[in-house]
Each structure stands twice: as C-alpha cells, then as structure tokens.
Amino acid sequence: MSTPLAAVETAPWGPDGVVVRVTGEVDSSNVAEVEARTDAALGRAGTVVLDLSAVGYLDSQGLRWLAALAARLRSAATGLVVVAPPDSVAERVLDLAGLTATLGLRPAVPPAPAGDGPGSG
Amino acid sequence: MDASRIRRQALLFVAVAAGYAVASEIAFSWFGADGTNASFFPAAGVTFAALVLTRRRDWWVVILAAGLTEALVDLGHDIDLLPALGWGVANTAQPLVGALILTTVRPRADISRTSDLLAFIVCGVVIAPAIGGALGATTFVALADGEGWWRFAGEWWVGDGLGVLVVGGAILALRAPAAGVGRGPRLPEAAAILVAACAATYGLFWHDLVWLVFVPVTLLIASGFRVGTRAVAVTGAAVAFVAAQATAGGHRYWDTLDVSVSQGLLYLQVTLAIVIISALGVAAEVHERERAALGWATAERSREIADAAPAMLWLTDAGNRCTFLSRGWFEYTGQRDTGSTDHAWEEAVHPEDVTDAVGEFIAHAERREPFSLVYRLHRAGGEYRWCVDAGRPRHGADGSFLGYVGSVIDVHERMAAEEAQRESEARLRAIFTSIDEGYCLCELITDADGRPADYRFIEVNPGFEDMTGLRDAEGRTALELVPDLERSWIETYAGIALGGEATRFESGSEAMGRWFDVFATPVPPRGRFALVFKDITRRRREEEALRASERAERRARSRAELVAQVVGELESVDGVRARAGRLVSLLVPRLADFATLTADDDARVLAAVHRDPDLTDAVRALAGDLGSPGDPPALARLAPSSRIVVPLHLGGGDAVLRLWLSDPDRRPYDGDDAAFVEDLAGRAALLLNAARVQETERAIALRLQRALLPDAIAEHPGIEVAARYAPADDTLQVGGDWYDVVDLGGGCLGVAVGDVVGHGLEAAADMSGLRIALRALAPHADGPGSLLALLDDFAKGPGEASFATVAYGIVDTDAGTLRYATAGHPPPIVVDPDGHLRRLEGGRSMPLCALEVASRPEDEVTLEPGALVVLYSDGLVERRRRPLEEGFLALEEAVRAHHRAPPAEVCEAVMAALADGPGRDDDAVVLCLRYSPVPAGAFVRVFPADPAELAPMRAALRAWLAGRDLPGTIRTDLLLAVGEACANSVEHAYAGRGPGGVVRVAVTPDEDGLRIEVRDGGRWRPPPADPGDRGRGLPLMRAVSDDFTVHEDATGTTVAFRLAVRDPVGA
C-alpha cells in the first residue's frame, strides 16, 4: 500500500465543535474517500472547522466536495469555518472558483468559543 | 339387221303361218251349216297371241304370215280372190288393233292378273273380233255377194272372240306362272282335270248326257282354284275344241232343245266363253291373292309407284331360271316379252357386265343368300344405265327354296349425283379424316316459346362416334343422347345457328366427361349448324398434367431458389441474430404472412416479421409471449389461417421457427409446404449454428486479440507513437497482424509490425507467441538484425509460428537515428519534416520461417526532429486486382498528405485511405511515430489514463518546477491547470473505453513563460447539462491561463494554454 494521498484528522473544537484537518492532495482519485472520512468525523458537531491549510493540491473535484459540504452543513444549521491561509493552495483554488466570500475563509483555526471548551476563560 | 334377228323373224313367220294354217284349217270343219261362217275360229287366237308376245318391230312378220296364210287357205277352199284378200285383211287388222290397244294399255299382260285378264278380254275377245267381224261382214256382203251383214258380223265376232279367248288365252297363259305362285308344279292334277273336262264334254255332246254339262264347268273353275291360269286356258281350249268338233259333227247338244242352229251355236260359244272367262277370272283372283299373301311384289302392287319409278321386278325358279320379268323391266329395256325371260335379261345387260353379273348371281344363288348386283342395263333408246339389282331368296310355306325375287333400280342419276357428291364429300371427308375430327350437321329444336331447347343430329360422320362415344346419333337429339348435357352447349349453338358467326372454341362437358375443340358454323336454312370437332380430352388432361407438373416444377424451382437465397444471404451476414432476421425476412411474404424465430424455449426472440410493416411490432410482441402455454391472445388479433411450426436444432438451445398465413386468399399450408419448411429450417439451422459458433469463436478471438495487441503503447518523451489495427472486412476474424512498442531504455524505443500467416485463433495465438518473444528478446538484442536472428530460432521451435514477416526498428532519441531490419515485410516509410518521403528498403531478409537464414542484415537512417516513421503490414497495401505498387503509392500519398499531423491522426488517415472500402481480405496494421526530441528544459510526461497516475504526474511536475526560478503562484496555477486538464482526460476522454489510453503532458518554457499541452487519444464528453464537474474545471483552467484552447479531432483531444511569467513576485 502506498501512502494515502490525503489524510483527515479530527479534534474537538469548543463544546460541540470539531476541527477537521485535511492534509495532502485531493483529486479525483481520492475525493470520495476524503468526503467519506470527513463526514464520519463530523458526527453531530455543532460547528465544523475545516482546516485546509495543509492541502497541497485541490482540484475541481475537491471544490465540488467543499461546495456540497457547505450546503449540507448550512441546511443543518451547523456552523462551518474553512481555514485556508493566504497563498495557500486551497485559498488560491477557492479564490479562483469565487468561493472565498461564501465560505468566509480564516487564515488559521480560530480559538474555540469561551466558557464552553477546556482552557477557556 | 343382224343374222340372229333375221333368223328369229323367219322362225316367227313360219311359226305364225303354220299355227294359223292349222287353226284355220280346223275352223273350216266347223263352218256353219250354211258354210258361210265358223262357229269357232282358233286362228284368230294364234295371230293375236303372236302379236302380244312379240316386239312391235316384229309385228309385220306376224301380220304378213297371218294375212298370207288366211288368203291362201281361203283360196284353197275355193273362195274368190277378192273375198279371200278381204278376209285376209280382216283377220290381220283385227288382231293388230286388239294387240296394239292391249300392249299399250298393258305392255306385258299377264292373264293371271285380274286387271290384265280384263284388258285381254276387252281388247282381244271383244274389240278385236268386232273389228274383224265388221271387216269380214263387209267383205262378205260386198265382195262375196252374201247377205245378212249383221248375222255374218255377229257369227264372226263370236267365233273369233272364242278363238282368241281359247287359243290366245292358252298361248298367253304360257307366260303366266306355270302354277299358282307358291305352289309346286301340279302337272298331273292339271292333266287329270284336262282329261276329265274333255271326257265330260264328249259325253255331253256325243251321247247327249246333258247332266254332264256342269262337269267341264266345275272342272275349269276347280282348275282355276287348284292349278292356275295356264291350266284353265289349256283346259278351256281343249273343251272348246271338243265342243266345236262335236257340234261340227252334228252332235249338237241343243238338238234336244227347240232352237235354231245359229242360236244353238251362239248359246254354245257364249256359254264356253263365260265358263272359260269365269275360270280364268277365278285363277287370276287366286293368283292375286297368293301374290298379296306372299307380299313379294309390294312395289308391283302399286302401279303408280311402279310406273313412276322404273321399278323392275323379276322372279327366278328353284333352278335359277328367270321366270318373270315385270312390265317395268320390259318397258325400261324396250325388250319385247317373248316368254323367254332368261334370254331377255341376258340380252339387256351390258355385254361387259353380263358375265360378272351372272357369275355373281350364280355364286349367291348356290348359297341361296341375298345379293346385290350393280350393272349397266340397256335402256329403250339405246343407252346403258347403271342399275342396282337386289335379290333375295323366296321360300315356300314348308321352307322349300322357290328361287329368288328381286328388283332392279336405275341408279344412274343417283350414281352420277352420288359420284359428284362423293367427290365433294370425299374432299370434305378427306379433310375430316386427315384431321381426325368428328362432323355433324344439326338442327336446333326450340320449345313452345321459341327458346332453344335441344338440337337434333341430322347427319354425322364416322368420326362422330369415335369423338363423342354416341352411337346411332342420326335423327336423335342431343338431350336424348346425353340427358344431362349442359345447357351452355345448346345456348352456344343456338347463338351460332340463329344468325351467329362461325366460331371456334374449346369447351368441356361434364355430362359427357370429355373436352372438345369445336368449330361451329351456321348453315342454311336458319336453325341449322354444322360442327367439326375433336375430342381433346386426352390433350386437356395431358395439358392439365403438364400444367400441374410445370406448377410443381416452378414451385420446386422457386423453392430451390429460395433455399439458395436463404443459404447465400445467411452466409453473407454474421451473427445469429442477423442471420435469423435475414431468414425470417426471406420467408415473409413468400412463404408466410408473418413469422417468428425464437430461441431458448421461446424465451428469446431472434426475429419477428409481418408482411405489413405496421404489424411487425405486433408480431414481435406475439413472439415475446410464445413462451407461455397456449396461443397468446395477440395471435388472434393477427387472424392466422394456417401455420407451420418447425423446431431448429441449434447447439446452444433449440429454436422454433413459426410461419403463419393470415391472407384468406392464400392457399393454406399442406404437408408438402411443411416438409419444405422443415427442410429449409434444417439448412438454416446449420447456418444459424455456424453463426453461433462463429460468434462464440469471434468473441473469444476478439478478447484474445485485445489481450494480444498492446493495451497501450509504451510512450517515450521524445517520441509520439500511434497504431491502428483493421480486421479483414469479410469477416471480423482476428488476423495475424500485430504491432508492439518496447521501451528499450537509454532513450531507445523498439517498434515492430508483424504478420503471421493465417487467420483466426491459431494465427492469433502464433502472433501472440511471436510478439511475446520479441518483447522478451528485444532488450537483449544488439540491434534489429540480431533480434530477427533470435526470432528465427524462436520460429524453429515446435508449435510456433511457421511463417511470419516482421519489420522492426529502434529509434534512438538521443542520437536521432532509426536502425531497422525487415524479414519478408514491406519497407517502412520515413517522411522528413519538409515532406520528403523515403522507403526504407535496406535491411531486408527472408521471412521468419523454419528455413535456415544466413544473415539478418539491418540498416540505419537519421531522423530529423519532427520526422514521421510509418510501419505497416502488407494487408494495408495489398488488394485483389490491384498491383502492389499502386498500394504503396496510395499509402505514400496518404502519409505525405498528413505527415504533419499527430501520429494517431496519420494512422486514421492512412486507414481511411487504404483500409476502408471493399476488397480487403486481409487484416492490416499501421504504426506511426514522430521523432520529436524533448527540447532542453521542457517537461514531458506520458502516463496511463488512470486517476491513480495523476498524483505521480503532479509529483514529477513539482520536481521539474523545483529546479526552476518561478513565482509561487505560477507553480500553484501550473499544477492546478495541468492537474485539471489531466483529470479531464483521464475521467472523461477515456470514459467507458477501458484501459489502454495514455495522456501526454508537455510543459515547455519559452521567453514569455510556459507553454502547456495536454493530449489524450479520446474525445471529451459533450458539455453536460449539469455544469458541476467540468463546469468547475474549465473555468479554473481558463482563470489561471492565457490562450486556452481545447482541440478535439478524430485522434483525440488536445488542451493547450500558456502561463505568463512576469516579473517574479515575491521571489
């Protein structure tokens, strides 16, 4: 088995949030897998922080996935924070696709909401 | 005058003179007491009879004899000359007048006939003596100075009358039948009567036995009854002589009476006359009755008919002597009835015919059978005329043969007419006979309303009976002969007979069971028609049989043609379904109105057709339902009238062919049809089976071919390669052509095109083995020549390719050379970038085979960048009926025309120009490569069209980018655009095509930045309605690039764009 092209890691974020960090490359060969893993990580999270800072390649298949995910989370009243720093591959691609405004990119994973999460206050 | 006639006349003269003299001399002894007259004068009878019995031309002899004798006798008796001459005249004039009248009234008087007897008495006994009496009395008074004219005349009249009656009657009676007709000769009886009568007379006169007076009377009457006229006449004569002699001798019976002598004489003579006449009358009456009873003279009885028509009758006796010739005969022939009838007959017949006629008569008479003679008979006036003489035997009541009775009929006119008619009839008949036809003349019969009801055959020819089988048709009607005769015949003939025209037609009569070829024509008078016809029953039957056999032959021929067509057309298409469709289409509508062919227990419909295209769908639906038991409801709607169901034995599961007829005008199927369809189905099954096997084999072969030919051609950065394979066009069989591309490493690429002799699985297997061998051996060979030598060894191995050709070349991208060698293969072609074309004809050697090959030479050419190399198999250039050189030229022309195009495009163009179209019976391969060395600093990558290959491609591109001084965004955009283009190629261009495609990426730096080209061998999907995927990909690429283009053509899709490198940003 070769090394997977992309990896999906999750971490709690605030009382009911989750940080999903995608690393590696997302293309047509693995977008379905990335999507499945991300969906599994979301659970019943109230807010999803999707960290794409470490994505080295993202193509139109990845954009399709992101757009679909955003629409789904919004209809479920789940908050979505997309993290893509300037000059990152994700930021460039989302910018080219005109999605930066819609998704409200953050340069970094924002701090978890105060009071609810560990270390807050 | 001939001698015989003179002799006859002399004899006649003597006979008459003698007779007259005797009779006259006797009479003198019977002269009256006063000596002036005779009480009985027999000589008168002699003269009269002689005249009646002779021809008139001989009468002068009789008259002369009688006249002279009378005169001489008178002179002898001392009578003066004048009275003697006077009485001579009287005695000749008297019979002459009487005979003249009698022979005129009754030409051949027969006193056995009542009417003739009457005429004889009137003429001979009454008139003639009256004339003689008048002349005699006048002579007596005027010349002999006598007195008493009346008395003398009266005595003369009585005496001569009795003389004529007694002597003339007796002589004439000799001409009558000797005895009564039908009775045997009765001479003894006649003699006894004669003697008895004379004896009684003697007794009466001499011995005054007055009571005997009734005896002669009774005997004479009895003689008339019993014997006949002749006997009466003779007996009467005898009695008269006896009585006269007695009277002359003084034995006068009237002496006992108180009468005068003259009165007594008168009484005697009158009594004798009455008695004799009575007896003759009785005899005649008896004769008449006998004649009537025998019925032999039917024609004779009717005098009018007999006289009007020249009816001539005759009789012969048992001794075949002619005893009677009718007056008609004498009248006709002009012969005189002399009593010698035998003689008369022979004299009258033509001398040329008489011998034959007599001979024939005797011949028949010996056998006593009826006969009919034809001869010429002399006719009064001189000519001979044709007569028919028919006789038949007569028999007595006791069956004894009596002779013949016969009649003679003048047929001269008829024969002449018949001759003429015969001639025309013979002509007509000859025609009829020669054409073997029947003829009849018919008369239409109409009913009370004047409608034609029947027709009568008036005349038919012998052929009529043969042709119709109807016997004795003449005089009978058609319906009498054929009661069931079809009315159409009568109506047809009525139309012709009643003013129609001559018509010829053929028609059959069921009632007669025959066919006729009839020529019918109206003939006058109206209502008559004549038919000339022929029985053509046999011909008709033969024609029917011929037609039937022709029909059968036609049917057999059309069936044979159908079989041939089915076989031919089925063989011309491949595949079970195609053949099934063709089969059913051929049977509809020729054999069926609709038909289906189903397989696998009706689970699969192979074909369904209706002659009406609008109903084919209904038949297809029907075919789909045939699997269920019973007739599908859909069938009833198609209204079938007849069907044939035949199973077809196919190896992979049985099929069923069903034919239906629904057109009510078509003849329903019979056993013959079913047998034919079964036979046809058997043949079709073989072909369907062959197709099934072939399909299976082809499926295997195609799979094998796919496995054998390279999935993908090894790509090399400095070389673009494409290849095309075209199977032979007659079948889709796998051939033995192959190609391969081997990466030899070190910038070298091996390309090979080969051809294994043969087709099908075996050739494919051989090709596979050869290709694998080449692939395995190529990296270890020093060059193309040595590789071919190695393959030679491989070819010698057991079970391997026995005969193959190969062209093999090695492109060295670094050196820019092509080393090549060919083994029995057509020469490769090189086209320089400027279009100059070379045939590489070096490095040639024998094909790979089992033979020892001395050497495998090779050659080398330099390739300019951009040069095109073309390898191909002979299937591309070889065509039937076309010189090979023409094939080469056509190939070169196609190559030259497209030499700047990408290799795949060149392959397509070459195939289109050479491989398409008919007449190519071999498979063909073309392989094109372009030598395009990678420029320094460029990125070129060729990778399989697989999503998994996208990441390694990007990795390589990143590595290439690592060595270059480029802004970060450019790097990101380049990766994004190239990645997107490649993903499109992988996902869309080859979608559904399976493995085998490659994607080629080239990134070339230039002054302005980077020039990018991504190329695949497929075609992108048309812009989808949902712009989701591609909708995102294309805008991304456009967004990051300049001069973005997508070019699609037959060989694939090329995406090209540029990324401008401006002043490095943030470097």
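Convention: sequence-line order gives letters A, B, ...; per-chain numbering from 1.
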**Message:** Heavy-atom count check: over 12 atoms from other residues, nucleotides or ligands less than 6.0 Å from Arg941(B) CZ?
**Reply:** yes
**Asked** Which distance, rounded to the nearest 0.5 Å, do you find between the CG of Asn984(B) and the OG of Ser60(A)?
**Response** 6.5 Å
**Point-to-point distance, once rounded to the nearest 0.5 Å, from CD of Glu980(B) to OH of Tyr57(A)** = 5.5 Å
**Prompt:** If you round to the nearest 0.5 Å, how far is CG of Leu1036(B) from CZ of Arg92(A)?
**Reply:** 9.5 Å
**Request:** Name the option with the most non-hydrogen atom pairs under 4.5 Å to chain A; the candidates are Asp973(B), Leu950(B), Thr972(B).
**Result:** Asp973(B)
**Asked** Would one find more than 12 heavy atoms of other residues, nucleotides or ligands at under 6.0 Å from atom CZ of Arg1058(B)?
**Response** yes
**Request:** Go through the atoms of Leu5(A) and report whether side chain, backbone, both or neither lie under 4.5 Å from a heavy atom of chain B.
**Result:** side chain
**Request:** Return the option, out of Val93(A), Leu96(A), Asp87(A), with the maximum number of heavy-atom pairs under 4.5 Å with chain B.
**Result:** Leu96(A)
**Prompt:** What do you reckon, is CZ of Arg74(A) surrounded by more than 12 foreign heavy atoms closer than 6.0 Å?
**Reply:** no
**Item:** Closest heavy-atom pair and its distance - Asp59(A), Ala983(B)
**Value:** OD2-CB, 4.3 Å
**Request:** Check the surroundings of atom CZ in Arg971(B): do more than 12 heavy atoms from other residues, nucleotides or ligands lie under 6.0 Å from it?
**Result:** yes
